[in-house]
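What you are looking at is a predicted structure, and each value in this text was computed from that prediction instead of being measured.
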Number of protein chains: 2
Amino acid sequence: MPESDTPQKTLDAERDTEEKILEAALQIFSMKGKDGARMHEIADLAGINKALLHYYFRTKDGLYDKVFEYVISKLVRSFGSSLQDAPDFETLLRTFISNYIDFVNGNLAVVRLMVTEHLAGGERATPRIMSMMQSANAPLRLFVDRLREAASRGEIRHVDPYQTLITVVSSCVFFFLVYPTVGALVPLAREQRDQFIEERKQHLSDMLMRSLQPDGESSTHMPPVDP
Amino acid sequence: MPESDTPQKTLDAERDTEEKILEAALQIFSMKGKDGARMHEIADLAGINKALLHYYFRTKDGLYDKVFEYVISKLVRSFGSSLQDAPDFETLLRTFISNYIDFVNGNLAVVRLMVTEHLAGGERATPRIMSMMQSANAPLRLFVDRLREAASRGEIRHVDPYQTLITVVSSCVFFFLVYPTVGALVPLAREQRDQFIEERKQHLSDMLMRSLQPDGESSTHMPPVDP
DNA sequence: GTCTATATCTCGATAGAC
DNA sequence: GTCTATCGAGATATAGAC
């Protein structure tokens, strides 16, 4: 971390308020979208005055942009490349699922914001996600690469890696988006949320590994996807 | 359908305008949420005047409520009990996935509205979904019941039916929520959308059936997967 | 039933005191 | 840096002509 020569106390105060605002804005934006969010809601949640929002971030649009940057940086930081070391595909898959679910569970507002953005058209989200994917050790890319490798080594059967990725990510994320209904439907999910989430990791990992077991014989339909 | 004694022409005209408004409102609400939507956007999309919205549905809140009822009725109507006749679980699963994906693809706004509602707290959505689930031939309930039966008959292995349901629904729906990014990531999904969707059905059905094979049977004797 | 014109109010943004 | 007070744009909602 680089150190500024600005007096420490002032800097910390600014950082604190700024971060408090960003966190509050993230919560509100992620639930109501950019247009639906109210500046006074954000101010209230941050425990400050409405005018202070405009002092730190001139406009609502500006604040939204900064929140988006803030979210992306959270995504980048949280998804460390702990996948690199996985000795085999099964370990990679289980680690990926566990990490992914923990991240979503611990950063619900981040995921909600991404989804909200997509529902509103996704112009802001898509380019950012694409550029995150470019990076060689991006977890999504790593997952696809390792899936291909494992298949060509015969560790798992050949499957469309993108379809598989979509299935894994969907199965990790969607549950949290519709949690109110799942909670109403499945008592355990509401009463013992943490336990249910651990069971979900287990269930998903098992289910996917079983579905990826190599066949003795028959070949499955596998469309060509490579560039 | 009960028939009114109101003159047919008038009734039809009202129904048409009302339905046009509801469809337009559904589109806008589903992308921007209740607070983010603008009445004039809805009017423009419906091709009518802003004042007419207030003639048919007194307030914005009132309109939103009616849109929600409208969506629920769509859900109920579209999910006919075509699952009832499935002779075995594999047929049921494949039919369920195919129907579900077709419905989502053909009613994106409906699904978006449900998700938007959930992101905003879900107070409106959850009770409605719960009461839909009560019905004996509700597809989600039917799925859980048939999954249990099939497991106790030994047709598939024992799995947590709710975890499985969550996985299936997630895998059918989430793709469409983040379509902008998937389209950017996977060229085929954008250029040959319909084909990609058919492949998705196939991929998902195969994957799930494989993961549900009873433990005793080895992978050397796989049931045929292609129609 | 449908429109134009207008009233009313809410929200984003600014000015200015402390 | 933080607040109170307020302005002005834009939104919902209504009045009234056709």
Side-chain angles (χ1 to χ4, degrees), chain A residues 4-68 70 113 116 120 124, chain B residues 4-68 70 113 116 120 124:
Chain A
S4 161
D5 51 3
T6 314
Q8 199 60 32
K9 214 176 83 186
T10 309
L11 185 65
D12 274 359
E14 285 175 14
R15 276 276 151 80
D16 276 6
T17 308
E18 217 172 289
E19 186 118 356
K20 261 196 322 196
I21 294 175
L22 284 173
E23 267 302 327
L26 171 55
Q27 296 293 336
I28 304 294
F29 280 135
S30 74
M31 291 192 298
K32 310 214 168 177
K34 195 187 78 176
D35 296 334
R38 299 287 158 244
M39 294 296 268
H40 83 89
E41 281 183 295
I42 297 173
D44 288 355
L45 188 59
I48 57 151
N49 190 277
K50 197 170 60 114
L52 210 54
L53 294 182
H54 291 94
Y55 173 80
Y56 279 101
F57 311 87
R58 263 177 39 80
T59 66
K60 190 185 185 181
D61 276 3
L63 174 57
Y64 188 76
D65 281 342
K66 286 287 162 44
V67 168
F68 217 86
Y70 178 64
L113 189 79
T116 303
R124 223 173 296 239
Chain B
S4 162
D5 50 1
T6 315
Q8 199 59 32
K9 215 177 83 187
T10 309
L11 185 65
D12 274 0
E14 284 174 15
R15 275 276 151 80
D16 275 7
T17 308
E18 216 173 290
E19 186 119 356
K20 262 196 323 196
I21 294 174
L22 285 173
E23 266 303 325
L26 171 55
Q27 297 293 336
I28 305 293
F29 280 136
S30 73
M31 291 191 299
K32 311 213 168 176
K34 195 188 78 176
D35 297 333
R38 296 287 103 108
M39 294 296 267
H40 83 91
E41 280 183 296
I42 297 173
D44 289 354
L45 188 60
I48 55 150
N49 191 277
K50 202 169 54 118
L52 211 53
L53 294 182
H54 290 93
Y55 174 79
Y56 279 100
F57 310 88
R58 263 175 39 79
T59 67
K60 190 185 185 181
D61 275 4
L63 174 57
Y64 188 77
D65 280 341
K66 286 290 162 44
V67 168
F68 216 84
Y70 177 64
L113 188 79
T116 304
R124 225 173 295 239

Between A:Leu52 and A:Ile21 the two heavy atoms that sit nearest each other are O-CD1, 4.4 Å
Closest non-hydrogen contact found for A:Ser30 with A:Leu113 is CB-N, 3.5 Å
According to a strict under-4.0 Å criterion, is A:Tyr56 in side-chain N/O contact with OP1 or OP2 of D:dT2?
-> yes
Smallest heavy-atom separation, B:Asn49 atom then B:Ala43 atom, equals C-CB, 3.9 Å
Taking OP1 and OP2 of C:dT2, is either one under 4.0 Å from a side-chain nitrogen or oxygen of B:Thr17?
-> yes
Q. Between B:Glu41 and B:Lys32, is there a side-chain N and carboxylate O pair less than 4.0 Å apart?
A. yes
Scoring nucleotides 5-13 of chain C by protein non-hydrogen atoms under 4.0 Å (B base, S sugar-phosphate only, - none) yields ------SBB
In whole angstroms, the gap separating P of C:dT14 from CG of A:Leu53 amounts to 13 Å
Only residue of B:Ile28, B:Ile42, B:Leu22 satisfying side chain to side chain contact (heavy atoms under 4.5 Å, CB included) with B:Val67 is B:Leu22
Quiz item: Got a donor-acceptor contact below 3.5 angstrom from the A:Lys60 side chain to the A:Ala37 backbone?
Solution: yes
In numerical order, the residues of residues 23-33 of chain B whose heavy atoms come under 4.0 Å of DNA chain C are none
Quiz prompt | pair A:Asp16-A:Lys20: side-chain heavy atoms closer than 4.5 Å | solution = no
To the nearest angstrom, the OH-C1' distance between A:Tyr55 and D:dG1 comes to 5 Å
Rounded to whole Å, CG of A:Leu52 lies from C1' of D:dT2 at a distance of 6 Å
* Between A:Arg124 and A:Tyr64, does a side chain to side chain contact (heavy atoms under 4.5 Å, CB included) hold up when you go through it step by step? -> CA-CA 11 Å; A:Arg124 223 173 296 239; A:Tyr64 188 76; 3.5 Å; yes
